[in-house]
Amino acid sequence: MTVRTRFAPSPTGYLHVGGARTALFSWLHARKHGGKFILRIEDTDLERSTAESVNAILEGMTWLGLEYDEGPFYQTHRFDRYNEVIEQFLDTGKAYRCNCPKERLEKLREEQMAAKLKPRYDGHCRGRHIDPNEPHVIRFLNPQDGTVVFDDMVRGKVAFQNTELDDLIIRRTDGSPTYNLSVVVDDLDMEITHVIRGDDHLNNTPRQINILKALGKEPPRYGHVPMILGDDGARLSKRHGAVSVMQYRDEGFLPEALLNYLVRLGWSHGDQEIFSIDEMVELFDIENVNKAPSAFNTEKLLWLNQHYIKSDTPARVARLLSPHMGELGVDPAKWPPLEQVVAMQAERANSLLELARISAVFYQEEIEYNEDGAKKNLKAAATEPLTRVRDKLAALDDWSREPIHAIIHGVAEELGLKMGKVGMPLRFAITGGVASGDLDLTVYLTGKEPSLQRIDRAMGYIQQRATD
RNA sequence: GUCCCGUUCAUCUAGAGGCCUAGGAUAUCGCCCUUUCACGGCGAGUACAGGGGUUCGACUCCCCUACGGGACGCCA
């Protein structure tokens, strides 16, 4: 039997990291076993489902590269099928109509809570005749005794007493089916073999198994993966720190970094930290996923992001970096080639945003001085070395790294100065800051004319300071 | 409140009864490399929630307590 897994989000918001990890695990499980990964949109909640959310989820999946083999299927397109099952249940006495008013249900709940009981529907309408033309819901007749046991792929054996369960609503007053019914019918019709989902669904599983049994079908295998907590240990939710996967893209994260981070959250393979997609597919095993929830740690994500920024080809990083450069108001299509800048700067940035920030200086007409750095580096003592470097650079025909390197070192030697005394003022003059890559490379990439202009400006700054 | 689930460094984790003086990674700190910032290298500190069993031996098995999470919807 071929493995078939699915990701079944409800379109009531964007795709966040928790959902993305569940989708990743499900996708990996299918890929590992040469199976199919199906995308299903659970939009039976007509009130809250939106097309924008569907698009946001699709966009997130695409960005992460979690391509699906079938779907997206929409539950709203399958109402006829759900109704068919509901009618079948009604005909065979496995479901019944209920018209209990909200007030009765609320009172019941309060009484049960007061008696320290678990709030459950009491089966008041079981066996009562209710006119199908009156407003009513349909409830599934849950078994009243026995135990539902299943072997969860991550939790192991889990058991629930049927006495803990109640007769859940499977069709609303407005005629729409509810989640627990539609999910069972869909997983059945779509021949899902492995249901991998968040553990907030663990409590729903026995209900779904009971519905499946009423249908005379065998349940699939279940794997309930724990929730992801925020940096502060509280549950990650849309209201609390759960950011959209797309926000990570906007903040300069590489999809492979997020994927690598997510796969290591709750799962591991010995001491290995870095996993290519192929390695994940090969090594991932849902049975090795931890049972305990884990906290999202942005610091580690940043570390992985830096790893991928510096190990991916400069060409690819440059392509992803380009839009971020544009947002900073510079044109990366101009000199120097962005690829070369990336090759030099990659190890200094843990996000594309940071990379853009430290690289913009190569494309700016007018650079900004870091004040402390200016005080420290543009002093009278820097005039002589700067002048000499400037003149030699101006006379340089072959604008390339080696001669630039020779000039800087030559000046230090001539003046009997340590490299720092020449290098730091020059670095500051060229970049306006105290941090940059190799000095000769930095000068080279800045270009001849811009370099000369920047040195002139620095010397002007020194003079200005002397007269103040 | 009831039911379900969980608990190893700050964080992600290794650990399937003796391999554990509890390993790795991130973060932090120190040293080295270095004209700067990084990268890299080396090193340091920090953890088995608590209590009872079982066993010759428990991070590993069982029970209790504490703490955390989830569920208890005409949401999914």
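Reckoned from all heavy atoms, side chains included, excluding hydrogens, waters and symmetry mates.
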Which atoms of nucleotides 47-51 of chain B (N or O only) lie under 3.5 Å from a protein N or O atom, and what are those distances?
none

For the base of G23(B), is there a side-chain donor-acceptor partner from Asp271(A) under 3.5 Å away?
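Checked by distance alone, the answer is yes.
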May I ask you to verify whether the side chain of Thr173(A) and the base of C74(B) hold a donor-acceptor pair under 3.5 Å?
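Indeed there is one.
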Run the side chain to side chain donor-acceptor pair (under 3.5 Å) test against Glu354(A) and tell me which residues pass, sequence neighbours left out.
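Here the qualifying residues are Arg357(A).
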Using the side chain to side chain donor-acceptor pair (under 3.5 Å) criterion, which residues pair with Lys213(A)? Sequence neighbours excluded.
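Testing Lys213(A) for side chain to side chain donor-acceptor pair (under 3.5 Å), a comparison that skips the adjacent residues, returns none.
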Classify the angle between the aromatic ring planes of Tyr82(A) and Phe79(A) as parallel (below 30°), tilted (30 to 60°) or perpendicular (above 60°).
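Tilted: the ring planes of Tyr82(A) and Phe79(A) meet at 30° to 60°.
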Asp438(A) side chain vs Leu441(A) backbone, donor-acceptor pair below 3.5 Å
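No; judged by distance alone, with no hydrogens or angles, the pair does not exist.
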Could you give the distance separating [M] and [N] at their [atom1] atoms, to the nearest angstrom?
N      : M      : atom1 : result
A49(B) : A10(B) : C1'   : 16 Å
U13(B) : A76(B) : P     : 30 Å
C48(B) : G17(B) : C1'   : 15 Å
C32(B) : G24(B) : P     : 23 Å
G1(B)  : A58(B) : C1'   : 36 Å
G30(B) : G69(B) : P     : 36 Å
C9(B)  : C4(B)  : C1'   : 29 Å
G41(B) : U21(B) : C1'   : 26 Å

What is the distance, rounded to the nearest whole Å, between atom [atom1] of [X] and atom [atom2] of [N]?
X         : N      : atom1 : atom2 : answer
Leu181(A) : A76(B) : CG    : P     : 11 Å
Glu164(A) : G1(B)  : CD    : P     : 15 Å
Lys300(A) : U11(B) : NZ    : C1'   : 8 Å
Glu106(A) : C74(B) : CD    : C1'   : 12 Å
Ile228(A) : U11(B) : CD1   : P     : 16 Å
Leu302(A) : A25(B) : CG    : C1'   : 15 Å
Arg139(A) : C72(B) : CZ    : C1'   : 13 Å
Asn204(A) : C5(B)  : CG    : P     : 15 Å

Pairs: protein N or O with nucleotides 15-22 of chain B N or O, under 3.5 Å:
none

For [X], which contact category applies under a 4.0 Å heavy-atom criterion: base, sugar-phosphate, or nothing?
X         : value
His201(A) : base
Glu42(A)  : sugar-phosphate
Thr44(A)  : sugar-phosphate
Tyr261(A) : nothing
Arg171(A) : nothing

Classify every nucleotide of nucleotides 32-40 of chain B by which part a protein heavy atom approaches to under 4.0 Å, writing B for the base, S for the sugar-phosphate alone and - for neither, in 5'-to-3' order.
---BBBBSS
Side chain of [X] (C-beta onward), nearest among [options]:
X         : options               : answer
Thr178(A) : C4(B), U11(B), A76(B) : A76(B)
Lys116(A) : G69(B), U13(B), G1(B) : G1(B)
Arg155(A) : C5(B), U2(B), G70(B)  : C5(B)

Considering residues at least two apart in sequence or located in another chain, which fulfil the ring pair (Phe, Tyr, Trp, His ring centres under 6.0 Å) criterion with [X]?
X         : value
Tyr369(A) : Phe428(A), Tyr461(A)
His405(A) : His409(A)
Tyr308(A) : none
Phe7(A)   : none

Are any of the side-chain heavy atoms of Tyr74(A) and Val54(A) separated by less than 4.5 Å?
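Sidechains of Val54(A) and Tyr74(A): in contact.
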Would you say Gln272(A) and Leu283(A) make side-chain contact, with heavy atoms under 4.5 Å?
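Yes, side chains in contact.
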Does U13(B) have OP1 or OP2 under 4.0 Å away from a side-chain N or O of Ser294(A)?
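The answer is yes; a side-chain N or O of Ser294(A) sits under 4.0 Å from OP1 or OP2.
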Residue pairs fulfilling ring-ring contact (aromatic ring centres under 6.0 Å, His included) with at least one residue in residues 98-117 of chain A, sequence neighbours excluded
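Residue pairs with at least one partner in residues 98-117 of chain A: there are none.
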Can you pull out every ring-ring contact (aromatic ring centres under 6.0 Å, His included) where at least one residue sits in residues 343-364 of chain A? Sequence neighbours excluded, please.
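Of all non-adjacent pairs touching residues 343-364 of chain A, none passes ring-ring contact (aromatic ring centres under 6.0 Å, His included).
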Listing request: all salt bridge (charged side-chain N to carboxylate O under 4.0 Å, His left out) pairs with a residue in residues 130-157 of chain A, at least two apart in sequence or in separate chains.
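Qualifying pairs, neighbours excluded: Asp151(A)-Arg221(A), Arg155(A)-Asp199(A).
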